[in-house]
Amino acid sequence: MGQLISPTGGLRWGANGVPYSIAFNDQYFCQDNGYVEAVHVCCRGNSLQERFSALDPVCPGTFTIMETGFGTGLDFCCARQLWEQCAPPSWNLHFVSLELYPLQKKDIARALALWPALAALGQELAAQYEPLPGLVRDWYFHDRRVRLTIVFDDAPAALKRIKAEDLAPQGADAWFLDGFAPSKNPAMWSDQVFEAMAVLSKPGTTLSTFTVAGFVRRGLEAQGFKVRKVPAHGKKNQMLTGVYHPDFVLEK
Ligand SMILES: C[S@@+](CC[C@H](N)C(=O)[O-])C[C@H]1O[C@@H](n2cnc3c(N)ncnc32)[C@H](O)[C@@H]1O
């Protein structure tokens, strides 16, 4: 098969360079073109280009993206790349993610080296990345205009810590949900996760995810996210986008 067993023990590299988790029997990103898929699902799914471009340069602030499952950092790099292209220089991006089984920096560097368009951002991330299991870490990029916070903990606990430790006081503007397929890792798609997401959201907070699993849709709706299926990238037909609308639960 042309696959190598990584010394991390939990990782296997496909012939096309895509990392697979042995423990979860799933890939970190799609085989066709993970970069194009990440841009489609995460950035287009949350209308980030339009929202970044519309930020008012004379009223500076922070745009916050939260993510479940940091993995290789691909989604972070896609968001950072778009931010640097579209957002006014007076604004900051805070990207808050969580990770229980962190990859090693060499694996992050190898995964992100797949796409020349992300090579520089991937190298910069891999050079700084140093996971600290159980702890919270912060890194700054792009003249401190981009801040990456990762909580190295189990998803429900990590989300509670973001609130309890006030790690992102302004709450989430957008969510990237990416914790392996729900059938392979239901713990990342639990009601506790959806509840904690609602606590960290505000009216108008958006979400996107590659999955359209029924229990994910229902779980998000029960917490006040209005979700809908939209066209996906590549071989997949559909993905989910959503908007937090707290009155939605009461209306149902
Ligand atoms: C599909 S990968 C995420 C891909 C990632 N967004 C990227 O850009 O590469 C899912 C990630 O969720 C992490 N994960 C799985 N279960 C978890 C849990 N219970 N709590 C926190 N992270 C978890 C895995 O270690 C993996 O890195």
Side-chain angles (χ1 to χ4, degrees), residues 6 8-14 17-43 45-46 48 65-82 95-115 117-118 121-122 125-126 129 131-137 148-162 174-197 207-211 213 216 233 236 239:
S6 154
T8 60
L11 200 62
R12 192 179 73 187
W13 293 90
V18 174
Y20 284 79
S21 160
I22 294 170
F24 291 101
N25 187 26
D26 203 359
Q27 58 202 18
Y28 279 78
F29 42 76
C30 88
Q31 296 197 35
D32 294 350
N33 189 334
Y35 170 47
V36 173
E37 188 191 42
V39 168
H40 183 79
V41 175
C42 299
C43 298
N46 283 291
L48 292 186
I65 297 174
M66 296 195 190
E67 177 189 55
T68 53
F70 187 71
T72 64
L74 171 61
D75 298 339
F76 164 69
C77 287
C78 291
R80 179 184 163 190
Q81 186 177 52
L82 189 63
F95 193 98
V96 185
S97 191
L98 52 90
E99 182 55 70
L100 186 58
Y101 313 104
L103 294 175
Q104 296 183 11
K105 58 164 66 203
K106 67 178 176 47
D107 295 321
I108 287 197
R110 177 171 171 176
L112 296 176
L114 281 173
W115 303 284
L118 286 185
L121 299 188
L125 171 64
Y129 188 77
L132 284 176
L135 299 182
V136 180
R137 285 220 62 183
L148 169 63
T149 300
I150 305 182
V151 186
F152 290 100
D153 206 340
D154 190 24
L159 292 170
K160 283 192 185 137
R161 285 175 69 174
I162 294 170
W175 285 95
F176 297 172
L177 303 185
D178 194 8
F180 291 128
S183 57
K184 296 183 173 173
N185 191 17
M188 280 290 261
W189 308 90
S190 67
D191 288 343
Q192 292 109 298
V193 168
F194 302 144
E195 256 177 63
M197 281 177 59
L207 69 84
S208 68
T209 178
F210 63 90
T211 183
V216 170
H233 159 75
K236 298 184 81 170
M239 55 175 263

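Counting convention: from 1, in listed order, for ligands and their atoms alike. Side-chain atoms are counted along with the backbone in the values below, which use heavy atoms only and exclude waters and symmetry mates.
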### Message
If the criterion is any heavy atom closer than 4.0 Å to an atom of ligand 1, which residues make the list?
### Response
F24, Y28, E67, G69, F70, G71, T72, G73, L74, D75, L98, E99, L100, Y101, D153, D154, A155, D178, G179, F180, N185, M188

### Query
Under 6.0 Å between the ring centres of F95 and F176?
yes

### Query
Between the side chains of W175 and N46, is a donor N or O closer than 3.5 angstrom to an acceptor N or O?
no

Which pairs would a plain distance check flag for residues 73-80, meaning a side-chain donor or acceptor within less than 3.5 Å of a matching protein atom at least two apart in sequence or in another chain?
{"residue": "R80", "atom": "NE", "partner": "E84", "partner atom": "OE2", "Å": "2.4"}
{"residue": "R80", "atom": "NH1", "partner": "E124", "partner atom": "OE1", "Å": "3.0"}
{"residue": "R80", "atom": "NH2", "partner": "E84", "partner atom": "OE2", "Å": "3.1"}
{"residue": "R80", "atom": "NH2", "partner": "E124", "partner atom": "OE1", "Å": "3.0"}

### Task
Rounded to the nearest 0.5 Å, what's the gap from OH on Y35 to CG on L118? Could you check?
5.0 Å

### Query
Are L207 and M197 side-chain neighbours, meaning at least one heavy-atom pair lies under 4.5 Å?
yes

### Query
With a 4.5 Å heavy-atom cut-off, do Y28 and D107 have their side chains touching?
no

